[in-house]
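Notes to accompany the following structure.
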Amino acid sequence: MNTILVGGQWGDEGKGRIIDLLTERSDFVVRYQGGSNAGHEVHIEKNVYVLHLIPSGILHRSKVCLIGNGVVVDPVALVKEIRGLRRQGIRVTPKNLVVSEIAHLVLPGHKLLDELREHRKGKDRIGTTKRGIGPAYGDKAARTGLRALDMLQPVRFREKLRAKVTEHNAIVRSFGIKPLRFDNVWSEYLSAARFLRPFIRDGVALLHDAMAQKKKILFEGAQGTLLDIDFGTYPYVTSSHPTAGGACVGSGVPPTRIDRVVGVMKAYTTRVGEGPFPTQYDPKLGSEIQKIGDEFGRTTGRGRRCGWFDSVVTRYAQRINGINHIAVTKLDVLDHMSELKICVAYKDGARRYNTVPMDLDTLRRCKPVYQTYKGWQTSTKHIRRFRDLPKNARIYLNAISRHTGAPISIVSVGPRRDETIFVKN
Ligand code: IMP
């Protein structure tokens, strides 16, 4: 059984929490896209772990984690993350963490250019995490990127890095900014390369050997469907494919070996960074849910915008990813609400949309068409069986499932591992 887990909204769906549960039934956990822009949070007993580049499977002994070729790896950030996890008592060795040799690297020039481009865009900024993601994927597509395997040969790595720093500096100068100093970049990247060398291997061979031994693979998507560079609300997207198709190209596992796609969806909707968000709450309810749901980015600390559940978005996500199981997270955040809304379509004047219009001006004009549901106004945190949920909560969840077009398999009612309801379908 190989499973892809994807975000069904704009990211921050609580994927880390669900991945952690599914990891128990997997042998390998693979990140296939994005980079240290992600921030997957997992609560285990009293400890909180935040993972940016490393698959959440690392928190389980005996699982093997792969940072796949589709990821852009900031070597310095990765070393920091490994050291941080070790300090928290987590074993991270080349036996349980592998970095694909053909994953591309995020360099200091990428991070600087990410920041400079955002600054220059002013009010039209994307609201990126400034982790260098867009510029790194840009160099990959332009075929001028550096890959993890370049770190295995110091002489060649130095040459390639110098050429890249020179190229990035030419652009940096055009912004009127002081260029990067190669010596500083080199000393930082050489020491990261030395540290990471034993982790860098052939990821394709690793996964195919695993499949030959009937091992189970879990693909851990970062960000969400509406942030996909093709299918998202472009240009307010990330530069990779968080969608299910990305798992195959980002790891080397063919589509014929995928058995199941789990879409993680929050019981409401959030979005961080700029870009249209049709079901955004009014400011008062927005800040209330932001507080109750602790809706602050784990990578940047930014407050997330919050809104009603948007089934136009989740239905679109279901189609693109082939989601056949839904995991609904953070149901408990809505426990106090007297009334809830689900957006079932958009209207732009007389025209009705049942899917997300890709023209942003149209999307900005769209008004949500809502169905209203009664709240349950009682705590769900202690509930562990679907049938024990308050009737109105079951009605609300069934509506999410019906409008999205897939059954719900998991509902989370709190951040801890045990605050979970497994639904039998
Ligand atoms: P980038 O991925 O840093 O280039 O940012 C592009 C867009 O994706 C911005 O709107 C970010 O806020 C958003 N984004 C990137 N990573 C995440 C994430 O892990 N969760 C939610 N939004 C994200």
Side-chain angles (χ1 to χ4, degrees), residues 5-19 31-42 50-56 67 70-74 77 81 104 106-107 109-121 123-141 220-243 246 250 263-266 268-277 280 290 293-307 313 317 329-330 360 363:
L5 181 139
V6 292
Q9 295 157 323
W10 274 283
D12 306 317
E13 295 92 350
K15 294 180 292 296
R17 166 89 174 64
I18 306 298
I19 293 155
R31 268 287 302 272
Y32 58 85
Q33 47 69 232
S36 43
N37 49 352
H40 290 168
E41 184 174 297
V42 183
V50 182
L51 299 141
H52 297 286
L53 268 165
I54 301 177
S56 319
I67 297 179
V71 176
V72 284
V73 180
D74 177 341
E81 193 169 328
H104 276 249
V106 176
L107 305 175
H110 294 136
K111 286 183 271 188
L112 187 53
L113 288 175
D114 197 358
E115 195 162 343
L116 293 173
R117 284 175 186 156
E118 280 284 277
H119 185 70
R120 185 160 66 182
K121 283 194 185 110
K123 67 172 186 24
D124 293 328
R125 69 186 179 277
I126 292 163
T128 74
T129 59
K130 301 194 178 133
R131 297 296 186 274
I133 306 299
Y137 278 114
D139 274 349
K140 174 177 174 175
E220 170 176 342
Q223 291 87 45
T225 302
L226 272 290
L227 290 172
D228 185 282
I229 184 142
D230 279 318
F231 302 113
T233 43
Y234 190 91
Y236 299 99
V237 292
T238 192
S239 301
S240 67
H241 291 293
T243 41
V264 185
M265 296 161 194
K266 218 179 277 193
Y268 46 100
T269 312
T270 61
R271 175 159 205 180
V272 64
E274 310 305 319
F277 182 6
Q280 188 166 353
Q290 191 182 64
D294 190 19
E295 294 296 351
F296 297 91
R298 297 297 175 260
T299 301
T300 59
R302 291 181 294 176
R304 300 176 187 140
R305 295 184 275 155
C306 303
V313 160
T329 58
K330 293 186 133 177
L360 282 203
L363 183 57

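The model shown is predicted, which means the values in this text are computed figures rather than measured ones. Atoms within a ligand are numbered from 1 in the order they appear, just like the ligands themselves.
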Under 3.5 Å, side chain of [X] to main-chain N/O of [Y], donor-acceptor pair present?
| X | Y | answer |
| --- | --- | --- |
| Arg302 | Arg304 | no |
| Glu220 | Leu5 | no |
| Glu13 | Val6 | no |

Problem - Spatial distance of atom OG1 (Thr270) from atom CZ (Phe296) [nearest 0.5 Å] - result: 12.0 Å

Exercise for the section: Hey, could you give me the OH/CD1 distance between Tyr137 and Ile229, rounded to the nearest 0.5 Å? Expected result: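 Here the rounded value is 9.5 Å.
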
Handout entry: Options Thr233, Thr128, Leu227, ranked by nearest heavy atom to atom 14 (N) of ligand 1, top entry
Key =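 When every heavy atom of Thr233, Thr128, Leu227 is considered, Leu227 comes closest to atom 14 (N) of ligand 1.
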
Against heavy atoms of [X], which atoms of ligand 1 measure under 4.0 Å?
| X | value |
| --- | --- |
| Val272 | 10 (O), 12 (O), 21 (C), 22 (N) |
| Arg302 | 11 (C), 12 (O) |
| Gly127 | 9 (C), 10 (O), 11 (C), 12 (O) |
| Trp10 | 21 (C), 22 (N) |

Exercise for the section: Dump the intermediate steps for side chain to side chain contact (heavy atoms under 4.5 Å, CB included) on Phe277 and Thr233, then the final yes or no. Expected result: CA-CA 10 Å; Phe277 182 6; Thr233 43; over 6 Å; no

Handout entry: Those residues that, when tested against Glu274, pass salt bridge (Lys or Arg N to Asp or Glu O under 4.0 Å) (two or more places apart)
Key =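 Testing Glu274 for salt bridge (Lys or Arg N to Asp or Glu O under 4.0 Å), a comparison that skips the adjacent residues, returns Arg125.
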
Practice task
Check salt bridge (Lys or Arg N to Asp or Glu O under 4.0 Å) between Asp114 and all other residues, then give those that pass, not counting sequence neighbours.
Solution key: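 If we apply the salt bridge (Lys or Arg N to Asp or Glu O under 4.0 Å) test to Asp114, skipping adjacent residues, there are no hits.
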
Handout entry: Heavy-atom gap Arg131 to ligand 1 smaller than 4.0 Å
Key =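 Arg131 does not count as a contact of ligand 1 under the 4.0 Å cut-off.
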
Problem - Whether Ala38 lies under 4.0 Å from ligand 1, heavy atom - result: yes

When only distance counts, is [X] in polar contact with ligand 1, meaning an N/O pair under 3.5 Å?
| X | answer |
| --- | --- |
| Thr238 | yes |
| Thr129 | yes |
| Asp12 | yes |

Fill in the blank from the handout: Any heavy atom of Val237 under 4.0 Å from ligand 1? The part involved is backbone

Handout entry: ligand 1 versus Tyr236: contacting region, heavy-atom distance under 4.0 Å
Key =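 Neither part.
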
Handout entry: Short N-O contact, Arg131 and Asp74, less than 4.0 angstrom
Key =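 Salt bridge: no.
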
Fill in the blank from the handout: Looking only at protein heavy atoms, what sits closest to atom 17 (C) of ligand 1 is Gln223 CG, 3.4 Å

